[in-house]
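Residue numbers count from 1 along this sequence.
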Amino acid sequence: MKYSKVMKERIRRVQVLLQELGYELFDEERLDESFSSAFLSTEGVQGMFFIEQENRFLEVAYNLTFSPQLAFFLQQRMGEIVETCFEYGCYLNTYSDENAVSLSIFSKVYFSGLNYSSLRDTLEDFTQCAMEVKETLSLKESD
C-alpha cells in the first residue's frame with residue numbers, strides 16, 4: 001500500500017496529537033486510500049478516527065449498536081438525539097437491518113486547522129455528545 005506524502009503526514013500528525021492528548025491507539029486498518037484506527041483514553045473515552053486520501057478532514061466516530069427490538073425505543077428518542085448532536089457540532093447516521101440497529105455519532109476537523117487545541121476541543125465536544133446520547137438512551141457504563 002502506497003500512500004501519498006500528504007496522506008502519510010496526515011496519519012502521522014493525527015497519531016502524534018492523539019497520543020499527546022493521552023489516547024491509546026489500536027486496531028489500525030490501512031486500505032488503499034484510507035486509514036482508520038480506534039482510540040481509547042485513560043478515562044475510558046473511546047471511538048474511531050478515519051482519514052481518507054481524497055478528503056480534507058479528520059473524522060471521528062462513536063458507534064452504538066442495538067437489538068432490532070429496540071428500534072421503536074430509538075425512534076421515540078431520535079429528536080433528542082439529533083438536538084444533542086446539533087448542540088455539540090456533531091452529526092449522526094443510523095443503519096438498521098434484521099440483525100441490528102446502529103447509531104453512529106461523527107465529528108470532524110479540517111486538516112488545515114488541525115492542531116493540539118482544535119483536536120482537544122473537538123474531542124471534548126464529541127465525547128460530551130456521545131455521553132449525553134448514551135444518557136438519553138439510559139445506557140449505563142459497565143465496570
Could you check whether atom CZ of F72 has more than 12 heavy atoms from other residues, nucleotides or ligands sitting under 6.0 Å from it? no
R10 and F35: side-chain contact (heavy atoms from CB on, under 4.5 Å), yes or no, with the steps? CA-CA 10 Å; R10 287 176 176 172; F35 176 89; over 6 Å; no
Which heavy atom of A100 sits nearest to which heavy atom of P68, and what is that distance? N-CG, 3.7 Å
Before accepting this row, confirm whether a basic side-chain N of the pair R12/E9 lies closer than 4.0 Å to the acidic partner's carboxylate O. yes
Carefully, step by step, assess Y88 and I105 under the rule side-chain contact (heavy atoms from CB on, under 4.5 Å). CA-CA 11 Å; Y88 287 101; I105 300 167; over 6 Å; no
Would a hydrophobic clustering, with Ile, Leu, Val, Met, Phe, Trp and Tyr connected at side-chain separations under 4.5 Å, put L103 with V101? yes
Is it true that atom CZ of R120 has more than 12 heavy atoms of other residues, nucleotides or ligands lying nearer than 6.0 Å? yes
Which ILVMFWY residues are connected to F50, directly or by a chain of links, through side-chain heavy atoms under 4.5 Å apart? M48
Counting distance only, does the side-chain N/O of R30 pair as donor-acceptor with the main-chain N or O of S36 below 3.5 Å? no
Begin from the C-alpha positions of N115 and L17 and carry the test side-chain contact (heavy atoms from CB on, under 4.5 Å) through to its verdict. CA-CA 7 Å; N115 59 39; L17 288 172; 5.6 Å; no
Does K108 reach the side chain of V60, with side-chain heavy atoms less than 4.5 Å apart? no
Measure up the F57 and Y110 rings against each other and bin them: parallel (under 30°), tilted (30 to 60°), perpendicular (over 60°). perpendicular
Atom pair CE (M78) and CG (L137), whose distance is rounded to the nearest 0.5 Å: 8.0 Å
When rounded to the nearest 0.5 angstrom, what distance separates CD in Q128 from CD in E87? 9.5 Å
Quick check on the hydrophobic clustering: are F49 and L92 connected, directly or via other members, by side-chain heavy-atom contacts under 4.5 Å? yes
Does L64 share a hydrophobic cluster with F39, counting links as ILVMFWY side-chain heavy atoms below 4.5 Å and allowing steps through other members? yes
Value rounded to 0.5 Å, distance of CG in L58 from CG in L123: 8.0 Å
Should the heavy atoms of other residues, nucleotides or ligands under 6.0 Å from OH of Y116 be counted, would the total exceed 12? yes
Residues at least two apart in sequence or cross-chain that pass side-chain hydrogen bond (donor to acceptor under 3.5 Å, both in side chains) with D121, listed by chain then number, are none
Show the nearest heavy-atom pair for residues M7 and E33, with the distance to one decimal. CE-O, 4.0 Å
Same cluster (ILVMFWY, side-chain, under 4.5 Å), Y91 and I51: no
Take N63 and S104 through the test side chain to side chain donor-acceptor pair (under 3.5 Å) and record every step on the way to the result. CA-CA 4 Å; N63 298 308; S104 300; 2.5 Å; yes
When rounded to the nearest 0.5 angstrom, what distance separates OH in Y95 from CG in N93? 10.5 Å
Derivation of the side chain to side chain donor-acceptor pair (under 3.5 Å) call for Q53 and S4: CA-CA 8 Å; Q53 184 81 28; S4 69; 2.8 Å; yes
Spacing of CG belonging to L74 relative to OG belonging to S67, to within rounding of 0.5 Å: 9.5 Å
Apply the test side-chain contact (heavy atoms from CB on, under 4.5 Å) to residues L25 and Q15: give CA-CA distance (whole Å), side-chain angles for both, the deciding distance (0.1 Å), then the verdict. CA-CA 8 Å; L25 304 177; Q15 289 175 322; 3.7 Å; yes
For Y3 and D32, the nearest pair of non-hydrogen atoms, with its separation, is CE2-O, 3.6 Å
Which of parallel (below 30°), tilted (30 to 60°) and perpendicular (above 60°) describes F126 and Y62? perpendicular
Out of curiosity, E29 CD to S34 OG, how far, rounded to the nearest 0.5 Å? 7.0 Å
Smallest heavy-atom separation, V14 atom then F111 atom, equals CG2-CE2, 3.8 Å
Quick check: closest heavy atoms across T136 and E80, and the distance to 0.1 Å? CG2-OE1, 3.7 Å
